[in-house]
Amino acid sequence: MAYDFATIEPKWQARWADERVFNVTADPDRPKFFNVQMYPYPSGEMHMGHLRNYTYVDLITRYKTMRGFNVLSPMGWDSFGLPAENAAIASGIHPRIFTEEKIQTMKAQLKRLGGVYDWDREIASHTPEFYRWDQWLFLKLFEQGLAYKKLAPVNWCPQDQTVLANEQVVDGACERCGTIVAKRDLEQWFFRITDYGERLLNDLALLDRWPDRVRVMQENWIGRSEGAQFTIKVADNDLSFEVFTTRPDTVFGMTFAVLAPEHPLVEALITGSETETEAREYIAAARRASEVERLAEGAKTGVFTGAFAINPANNGQVPIYIADYVLLSYGTGAIMAVPGQDQRDWDFAKRYGIEIIRTVEPPSGFEGEPYLGEGPVINSDFLDGLDQASAKKRIIAWLEERGLGFGKVQYRLRDWLISRQRYWGCPIPIIKCPTDGLVAVPEADLPVVHPDVENYAPEGESPLASVPEFVNVICPVCGGPAERETDTMDTFVDSSWYYLRYCDSDNSEEIFDPAKVAYWMPIDQYVGGIEHAVLHLLYARFITKVLHDMGLVEVEEPFAALFTQGMIVKDGAKMSKSKGNVVAPDDYYSRYGADAIRLFELFIGPPTDDAIWNDNGVEGTYRFLDRVWRIGHGEAGIVVDSPPSEGDQALRAAAHRTVKKVTEDIDRFRFNTAVAALMGLTNSILDRLRSDEGLSRSVYDEAYGLLLKMLGPMAPHVTHELWEQTGRGPMLALEPWPVWDPSLVELEEVTMVVQVNGKVRDRIQVPSRISEAEAESVALNSAKLAPYLAAGTIRKVVVRTPNLVNVVIS
RNA sequence: GCGGGCGUAGCCGAAUUGGCACAGGCGCCAGACUUAGGAUCUGGUGGGUUCGCCCAAUGUGGGUUCGAGUCCCACCGCCCGCACCA
């Protein structure tokens with residue numbers, strides 16, 4: 001009879017909760033394990049793709065618990081954000097009501113899957129109890145000058161009616177809604193993450209249990225480059241501009257200079273020049289162009305300003321151009337152009353007939369085009385003959401001696417734009433006073449609770465601005481009338497520190513107790529999607545370092561180990577509501593139960609890889625669990641009260657080998673092969689049960705007990721029920737993880753392969769401790785080898801005990 | 001363009017170190033049970049076979065090696081990241 005998961009599942013879910021099996025407190029006497037999944041946005045919709053992650057995290061919680069760790073596995077909700085707000089605009093329902101309903105739905109789904117968390121520590125970022133500390137954190141950054149407001153050209157999403165951080169712009173489009181972003185000059189709040197750029201880069205080396213590709217992505221994003229910055233004077237007037245270059249060694253090859261169209265000096269240079277009209281048209285066109293068009297690599301175009309620059313190295317005069325291939329936002333927004341050693345400058349010089357001077361000797365036979373490789377410096381006065389590294393040092397020293405420039409490290413990383421013109425986010429705790437400027441809300445007045453509004457739709461500014469009772473306030477410094485900041489914070493601010501709050505979630509006096517954080521941090525296993533490789537994960541590292549510097553957090557890095565799981569793909573696309581290819585779990589729950597779903601999620605493929613959904617897969621794992629059930633209920637064969645046969649002994653050894661295999665596979669995140677190994681063990685038990693002599697009770701009890709324990713974290717409901725029903729104990733989750741007997745794992749006898757010239761010609765059972773000489777002798781005496789050996793002369797015998805002998809003949 | 005990864009059966013995949021290629025599952029075929037089967041169970045599932053075995057095979061072509069899915073080179077295809085960053 002098929003097992004009754006519909007009864008078993010609620011029973012055990014209730015017991016885990018009622019007996020508080022997975023609720024924990026800091027205990028310095030026990031090794032801790034802090035297991036966290038990136039807290040989800042409460043969309044309310046959970047499909048098979050989501051369940052994969054939750055299954056992994058729950059498996060780790062249960063496995064590490066059985067391994068003796070004090071495991072903290074909390075859950076929370078990234079519950080501010082646009083979907084709730086957009087739903088509110090559409091329906092008029094308050095985003096809080098909408099969000100809290102979704103949270104309840106998702107929580108029920110997690111419980112239905114059998115996920116166990118310390119729910120006492122549940123947090124939700126939209127609650128004043130949580131966002132109060134967002135605001136507190138903001139004030140701490142503000143005090144230190146790490147939060148500041150400035151007028152800057154920023155990314156504006158016309159669809160969402162809000163600004164976006166650089167990290168949220170993908171290929172020139174809003175990463176949320178795909179709308180092409182526009183540039184706007186706006187006063188916005190920034191976090192000074194660039195102050196931490198070097199540390200964020202260097203400390204990537206500490207993250208040896210992160211995927212390489214995530215580290216590489218962060219490295220690229222931070223984008224460190226070494227070079228020099230120096231001043232270039234404009235001929236015939238007092239103007240000058242700064243340039244940054246990574247190739248100061250090629251300065252003698254500068255044959256023109258380029259300013260970005262938005263560069264502040266441009267106006268002065270073109271006014272009254274013979275190319276003024278042309279230049280103004282070019283600048284206007286560049287401003288009109290979208291980011292995507294600007295970034296599309298194509299023909300290098302530009303306009304001569306009519307002005308000339310003086311090369312500080314040799315005082316030669318070169319033309320100054322405006323060109324949109326130079327970006328205002330990187331470096332100084334102006335470059336020295338050296339076509340001999342730079343492809344872009346070469347393209348531009350060719351187009352406009354500008355002189356090209358090589359300053360690096362290309363290898364003989366090198367044809368055309370800029371030379372980017374190493375070679376002796378030429379045409380460069382006192383640098384001639386040097387290699388590139390020496391020339392760089394020499395020219396930087398030369399510039400520094402004369403006060404013309406200096407060596408510089410440049411980062412691609414920009415400050416983090418954190419203000420948003422939306423309703424459903426944490427209010428920024430700042431008061432704008434006509435007398436005192438930007439004033440911090442006193443800590444005692446936190447939280448700045450965000451008010452109800454009539455209309456959620458953003459219209460260029462935050463909906464909070466439409467609430468006079470909220471906006472109008474007394475300045476805490478001068479007591480005069482003032483106005484509140486109405487922007488809200490990027491939700492990535494919340495997620496940059498939420499995991500710390502899990503350590504002390506109901507603290508109403510401080511953001512957290514540093515002692516509790518010291519016990520639990522760092523997170524031993526962090527699990528989430530690759531899409532956060534440079535967003536959340538970089539911000540969280542930054543904020544952790546800030547809190548470390550404030551003395552609140554001991555660790556410098558929050559996530560000791562990172563696992564990024566693959567997606568579930570169906571019909572060639574990631575499972576998502578918008579693609580219309582989601583597989584909802586409901587049918588599978590009612591037909592096969594939670595354990596079969598979990599097991600298939602584990603089995604579907606290597607956890608790091610995307611996996612293709614298979615409609616029949618859950619049925620397969622269900623069949624497997626049903627076999628396990630029938631074995632436990634004596635429906636699958638015969639258990640006999642007699643001493644173990646040879647076959648039984650082999651099964652016992654196989655069971656111990658499986659313990660080793662499964663333990664090692666879980667430790668290295670190879671859940672798919674761990675499940676396969678358990679299926680293999682089950683098949684082996686069935687073989688013995690169905691054998692003519694039956695399976696001896698002692699071996700059956702041991703092997704089946706091991707199977708249940710190993711399967712426990714994967715398919716917890718059915719295994720807990722079987723554990724209890726077969727009288728093994730009251731709570732499988734609290735049993736210790738099994739250990740394998742090394743003497744059993746090592747086989748007594750192995751099959752030795754005997755090859756002739758690399759082809760398998762015989763297989764011989766030999767003792768696993770066979771000596772090389774014996775192995776060779778056994779192999780050469782093989783009757784099956786005789787005809788081959790007779791046909792030639794033995795040249796060599798390669799022996800790899802105990803697995804293989806290869807006889808080379810000719 | 002730069003950087004990284006991948007390519008194994010009809011499908012998903014396994015193969016810690018260079019050492020028996022394809023574990024486990026899906027699908028398919030046959031049989032059992034059955035009023036029935038889209039349930040369940042059993043067996044099979046590259047080709048050939050005198051049933052002992054033999055042969056072929058890890059995208060393509062080369063190389064190193066006694067031995068290559070694994071290492072090296074070139075090519076083909078797919079995926080990911082970065083990309084006018086000076």
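Being a predicted model, the structure only gives us computed values, none of them experimental. We name chains A, B, ... by the order of the sequence lines, and we start the count at 1 in each one. As a basis for the values below, the full set of heavy atoms in this structure was taken, side chains included, without hydrogen atoms, waters or symmetry mates.
Atom CZ of A:R213 has 12 or fewer heavy atoms from other residues, nucleotides or ligands within 6.0 Å.
Between A:F671 and A:Y56, the ring planes lie tilted relative to each other; the angle falls in the 30° to 60° range. Under the 30°/60° scheme for interplanar angles, the aromatic rings of A:W613 and A:F600 are found to stand perpendicular. Using the six-membered ring where Trp is involved, A:H536 and A:H532 have ring planes that are perpendicular, over 60° apart on the 30 and 60° scheme.
Atoms CD1 (A:I604) and P (B:rA14) sit 13 Å apart, rounded to a whole Å. Between the C1' atom of B:rU16 and the CD atom of A:E664 lies a distance of 9 Å, rounded to the nearest Å. Rounded to a whole Å, the CZ atom of A:F624 is 11 Å from the P atom of B:rC26. Atom C1' of nucleotide B:rG18 and atom CG of A:N803 are separated by 13 Å, given to the nearest angstrom. Rounded to whole Å, atom C1' of B:rG24 lies 17 Å from atom CZ of A:F671. Going from atom CD1 of A:I612 over to atom C1' of B:rG10 covers 14 Å, rounded to whole Å. Atom-to-atom, CG of A:D342 to C1' of B:rC84 comes out at 9 Å; the value is rounded to the nearest Å. Rounded to an integer number of Å, the gap from CG of A:D324 to C1' of B:rA86 is 14 Å.
Put simply, the side chain of A:T564 reaches to within 4.5 Å of the side chain of A:L562, judged on heavy atoms. For the pair A:T663/A:M710, no side-chain contact is recorded, criterion being any heavy-atom separation below 4.5 Å from C-beta on.
The gap from the P atom of B:rC75 to that of B:rC26 amounts to 42 Å, rounded to the nearest Å. Between B:rU49 and B:rC54, the two C1' atoms lie 8 Å apart (nearest whole Å). Look at the P atom in both B:rC22 and B:rC72: the space between them is 25 Å, to the nearest Å. Comparing the same atom, C1', in B:rA15 and in B:rG7 gives a spacing of 16 Å after rounding to whole Å. Taking atom P in both B:rA32 and B:rG37, one finds a spacing of 12 Å when rounded to whole Å. Across the C1' atoms, B:rU16 and B:rC80 are found 25 Å apart, a figure rounded to whole Å. Comparing the same atom, P, in B:rC28 and in B:rC11 gives a spacing of 15 Å after rounding to whole Å. Going from the C1' atom of B:rG18 to that of B:rC82 covers 35 Å, rounded to whole Å.
An OP1 or OP2 oxygen of B:rG27 is reached within less than 4.0 angstrom by a side-chain nitrogen or oxygen of A:N616. A sub-4.0 Å separation between OP1 or OP2 of B:rA15 and a side-chain N or O of A:R670 is present. Between A:N672 and B:rA14 there is a side-chain N or O to OP1 or OP2 distance below 4.0 Å. Side-chain N/O atoms of A:N806 include none lying less than 4.0 angstrom from OP1 or OP2 on B:rU65.
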Atom pairs, N/O to N/O, protein against nucleotides 2-7 of chain B, distance under 3.5 Å?
none

Table of protein N/O atoms under 3.5 Å from nucleotides 39-42 of chain B N/O atoms:
from   : atom 1 : to     : atom 2 : distance (Å)
B:rA39 : OP1    : A:E619 : OE2    : 3.2
B:rU40 : OP2    : A:R623 : NH1    : 3.2
B:rC41 : OP1    : A:R630 : NH2    : 3.4
B:rC41 : O3'    : A:R690 : NH2    : 3.4
B:rU42 : OP1    : A:R690 : NH1    : 2.1
B:rU42 : OP1    : A:R690 : NH2    : 2.9

Find every protein N or O atom lying less than 3.5 Å from an N or O atom of nucleotides 47-58 of chain B, and list the pairs.
from   : atom 1 : to     : atom 2 : distance (Å)
B:rA56 : OP2    : A:K759 : NZ     : 3.4

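Of the charged side-chain nitrogens involved, none lies within less than 4.0 Å of a carboxylate oxygen, so that A:R690 and A:D687 do not count as a salt-bridged pair. Using a cut-off of 4.0 Å between Lys/Arg side-chain N and Asp/Glu carboxylate O, A:D626 and A:R630 are scored as salt-bridged. A salt bridge does not link A:E219 to A:R215: none of the charged side-chain nitrogens sits closer than 4.0 Å to a carboxylate oxygen. Under 4.0 Å is where a charged nitrogen must lie from a carboxylate oxygen, and between A:K660 and A:E664 at least one such pair does.
Of the candidates B:rA23, B:rC26, B:rA86, the closest approach to any side-chain atom of A:T246 belongs to B:rA86. Comparing B:rG13, B:rC20, B:rG81 by their nearest atom to the side chain of A:N220 picks out B:rG81. In this structure, the nucleotide among B:rG19, B:rA15, B:rG25 sitting nearest to the side chain of A:N683 is B:rG25. The nucleotide whose nearest atom lies closest to any side-chain atom of A:S225 is, among B:rA86, B:rC84, B:rA14, B:rA86. Candidate nucleotides B:rA83, B:rG24, B:rG27 were compared by shortest atom distance to the side chain of A:F603, and B:rG24 ranks first.
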Next item on the list: Could you summarise the pairing of RNA chain B as dot-bracket text, marking Watson-Crick and G-U pairs under 3.5 Å with ( ) or [ ] inside the strand and | across strands?
Entry: (((((((..(((......[....)))((((((.......))))))(((....)))...(((((..]....))))))))))))....

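A cation-pi contact, defined as under 6.0 Å to the ring centre and within 45° of the axis, links A:R412 to A:W221.
With RNA chain B read from its 5' end, the first of the two nearest nucleotides for A:S329 and A:G680 is the one closest to A:G680.
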Next item on the list: Check the pair A:L51, A:Y588 against side-chain contact (heavy atoms from CB on, under 4.5 Å), reporting the backbone distance first and the verdict last.
Entry: CA-CA 12 Å; A:L51 294 189; A:Y588 290 91; over 6 Å; no

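Listed by first and then second residue, the salt bridge (charged side-chain N to carboxylate O under 4.0 Å, His left out) pairs involving residues 792-810 of chain A amount to none (not counting sequence neighbours).
For B:rG52, the base adopts the syn conformation, since its glycosidic angle falls within 90 degrees of zero.
For residues 793-800 of chain A, proximity to RNA chain B is found at A:K796, A:V798, A:R800, defined as any non-hydrogen atom under 4.0 angstrom from a strand atom.
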